[in-house]
Amino acid sequence: MKIATFNVNGIHSRLPRLLEWLGEAQPDIACLQEIKTSDDTFPRDAIEGAGYQAIWHGQKGFNGVAVLTRIGSELVERRRGLPGDPDDTHSRYLEASAHGLVVASIYLPNGNPQPGPKFDYKLAWFERLLEHAASLYASEQPVLLIGDYNVVATDGVADIYSPASWKNDALLQPEARAAYRRMLGQGWIDAIHHLHPDKPIYTFWDFFRNRFGRDAGLRIDHLLLNAAAARRLEQAGVDRAVRAREKPSDHAPAWVVLG
DNA sequence: ATGTCGGCAAAATGCCGA
């Protein structure tokens, strides 16, 4: 069973790349982020043409998350949006049951510039995620919280090519890292780190300054597994070739295989 | 400070968010 996450950075512009990747990678479940579309303009027909059904939580112009599974398999929405703030208008969380798993597509706020209200929102959103994640962790069902966490866990080369030019960025700030560590402290396993602890396996390369060409990448898309899911973890990786194609997203798909 | 994208409003360029 293959479960993937892909920040597409605009599902309309990225549709050729997305369909091509679905055909090649054949994930059983795919979580998408930054679909940047209203609910009524989600490209359902094109995705069905590739053999996938979807649920989505859209938003005009920004954010937006989706969960895809193969047509005919289980896909039941459990929750859209995190509890804890009824005034939050951003579409950043979508949780589903699929293939006997609980899976959530997560688009954590970027938080730049920091300090400031956007960084405060990032930390407040993270607190809501932590609270909800604690209740999910204890599930006897396998649970996967996967997506763009917008956090570089450490300054190590497995997480970032070089922290120097990012040291003031929201993705590296101690408060964001502390929140991510608290997720791990609940017991969640960071699948890529767990299977490849010392290897640079980046998921994002900024469009600026030829950063993909120089492999100046960051690992910010994470697949967090509860104990029931981690017991079944067999493989984890990143489809970095997708980032090298024409009109790519700035992220590459990341995935796990569960037995 | 700078660079490059996607998407939007609204007239084709400037804005925001990343």
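The structure presented is a predicted model; accordingly, all values stated were derived computationally and were not measured. Naming: A, B, ... by sequence-line order, numbering from 1 per chain.
Across the C1' atoms, B/dA11 and B/dC15 are found 14 Å apart, a figure rounded to whole Å. Going from the P atom of B/dA12 to that of B/dA1 covers 29 Å, rounded to whole Å. Look at the C1' atom in both B/dT2 and B/dG7: the space between them is 22 Å, to the nearest Å. Annotation: B/dC16 and B/dA10 have their P atoms spaced 14 Å apart (nearest Å).
Counting to the nearest Å, the P atom of B/dC5 and the CZ atom of A/R245 are 18 Å from each other. Between the NZ atom of A/K247 and the C1' atom of B/dG6 there is a distance of 8 Å, given to the nearest Å.
Residues passing the salt bridge (charged side-chain N to carboxylate O under 4.0 Å, His left out) test with A/R181, sequence neighbours excluded: none. For A/Q235, the side chain to side chain contact (heavy atoms under 4.5 Å, CB included) partners two or more places apart in sequence, or in a different chain, are A/W255, A/V257. Not counting sequence neighbours, the partners of A/R177 by the salt bridge (charged side-chain N to carboxylate O under 4.0 Å, His left out) test are A/D155.
Here A/F207 sits alone; no ILVMFWY side chain lies under 4.5 Å from its own, so it joins no hydrophobic cluster. Chaining together hydrophobic side chains whose heavy atoms lie under 4.5 Å apart places A/F204 alongside A/V152, A/V157, A/I160, A/Y161, A/W166, A/L171, A/L172, A/Y202, A/W205, A/F212, A/L218, A/I220.
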What does nucleotides 7-18 of chain B look like as a protein-contact string, B for base, S for sugar-phosphate only, - for none, at under 4.0 angstrom between heavy atoms? SSS-------SB

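Looking at A/E74 and A/T69, their side chains never bring a donor and an acceptor atom within 3.5 Å of each other.
Donor-acceptor pairing under 3.5 Å, judged by distance alone, is present between the side chain of A/R209 and the base of B/dT2.
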